[in-house]
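Working notes, structure below.
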Amino acid sequence: MIEIQSAQELVDALRNGGDRLVILDFYSPGCGGCKSLHPKICQLAELNPNAIFLKVNYEELKTMCHSLHIHVLPFFKFYRGSEGHLCSFSCTNATIKKFKDALAKHGTDRCSLGPAKGLDESELLKLASINELSINLPLPSAVGEEVEDLVMQSSIDLSGILSKAGENKTALQGEGALL
């Protein structure tokens, strides 16, 4: 299991995961449930060498965890390649079946088309807004292209609207309307 030390390290690990299943284990050293579940998670990590298991210490990265909506421990998030976020849940020793079922469902090898997605854009923006990530983070290429297209459409549409408004204003002034 790899210990995550910062939001940037988390983003990089998810992006570099490729087609492999990446499992985030949010824990606290003082959490009894986390301590008792940890040996079972380590055992499952050994049985699934193709998956990447990342540990996130809630106490050390509390601000980041809050922005990712982690409010109960232990908590798990599963990610894979271009699919991005697959599922999230909390579980304990009593409900470890939930973890095993998610691992069985999402743990099979597959090839995803496109780059690893990682955190959602809203999560990246939230982390940037609280200075956990660099504000100059590039958006994933597909999202960047969509934003660029929207900006281009908006400027074209806006110029058409402004020219119509100018024509209407001139027509109204010609009729003596008060503006």
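In the hydrophobic clustering of this structure, Met1 does not group with Ile4; members are Ile, Leu, Val, Met, Phe, Trp, Tyr whose side-chain heavy atoms approach within less than 4.5 Å, directly or through other members. Using a 4.5 Å cut-off between side-chain heavy atoms of Ile, Leu, Val, Met, Phe, Trp and Tyr, with links allowed through other members, Leu73 and Ile96 fall into different hydrophobic clusters. Each of Phe99 and Val72 belongs to its own hydrophobic cluster when Ile, Leu, Val, Met, Phe, Trp and Tyr are linked at side-chain heavy-atom distances under 4.5 angstrom. Side-chain heavy atoms closer than 4.5 Å link hydrophobic residues (I, L, V, M, F, W, Y) into clusters, and following such links, possibly through other members, connects Leu127 to Val56. One hydrophobic cluster, built from ILVMFWY side chains closer than 4.5 Å, holds both Ile2 and Phe75.
A donor-acceptor pair under 3.5 Å links the side-chain atoms of Ser90 to the main chain of Pro74, judged by distance alone. Formation of a donor-acceptor pair under 3.5 Å by the His85 side chain with backbone atoms of Cys87 is found in this model.
With contacts defined as side-chain heavy-atom distances shorter than 4.5 Å, the pair Leu86/Lys105 does not qualify. In this structure the side chain of Glu60 reaches within 4.5 angstrom of the side chain of Gln5, judged on heavy atoms. The shortest distance between side-chain heavy atoms of Thr63 and Asn131 does not fall below 4.5 Å.
By the neighbour-count criterion of 12 heavy atoms within 6.0 Å, atom NE2 of His66 is densely surrounded, having more than that number from other residues, nucleotides or ligands. More than 12 heavy atoms of other shown residues, nucleotides or ligands fall within 6.0 angstrom of atom NZ in Lys77.
Once rounded to the nearest 0.5 Å, the distance linking CG of Leu68 with CD of Glu123 reads 5.5 Å. Here the straight-line distance linking atom CZ of Phe78 with atom CG of Leu103 works out to 5.5 Å at 0.5 Å rounding. Rounding to the nearest 0.5 angstrom, the gap separating the CG atom in Asp19 from the OG atom in Ser82 is 7.0 Å. Here the OG-CE distance, from Ser67 to Met64, works out to 7.0 Å after rounding to the nearest 0.5 Å. Within the model, atoms OG1 of Thr108 and CG of Leu21 stand 9.0 Å from one another, a figure rounded to the nearest 0.5 Å.
Here the closest non-hydrogen pair linking Arg80 and Gly107 is NH2-C, 3.6 Å. Shown here for Leu14 and Gly118, the closest heavy-atom pair between the two residues is CB-CA, 3.7 Å. The heavy-atom pair separating Ala128 from Ser134 by the smallest distance is CB-O, 4.4 Å.
Applying the salt bridge (Lys or Arg N to Asp or Glu O under 4.0 Å) test to residues at least two apart or on different chains, the pairs with a partner in residues 89-103 are Lys97-Asp101.
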Expected list for residues 24-31: side-chain donor-acceptor pairs under 3.5 angstrom, two or more places apart:
| from | atom 1 | to | atom 2 | distance (Å) |
| --- | --- | --- | --- | --- |
| Tyr27 | OH | Glu3 | OE1 | 3.0 |
| Tyr27 | OH | Glu3 | OE2 | 2.9 |
| Ser28 | OG | Gly30 | N | 3.4 |
| Ser28 | OG | Glu59 | OE2 | 3.1 |

Solution key, residues 41-55 side-chain donor-acceptor pairs under 3.5 Å, sequence neighbours excluded:
| from | atom 1 | to | atom 2 | distance (Å) |
| --- | --- | --- | --- | --- |
| Asn48 | ND2 | Leu44 | O | 2.7 |

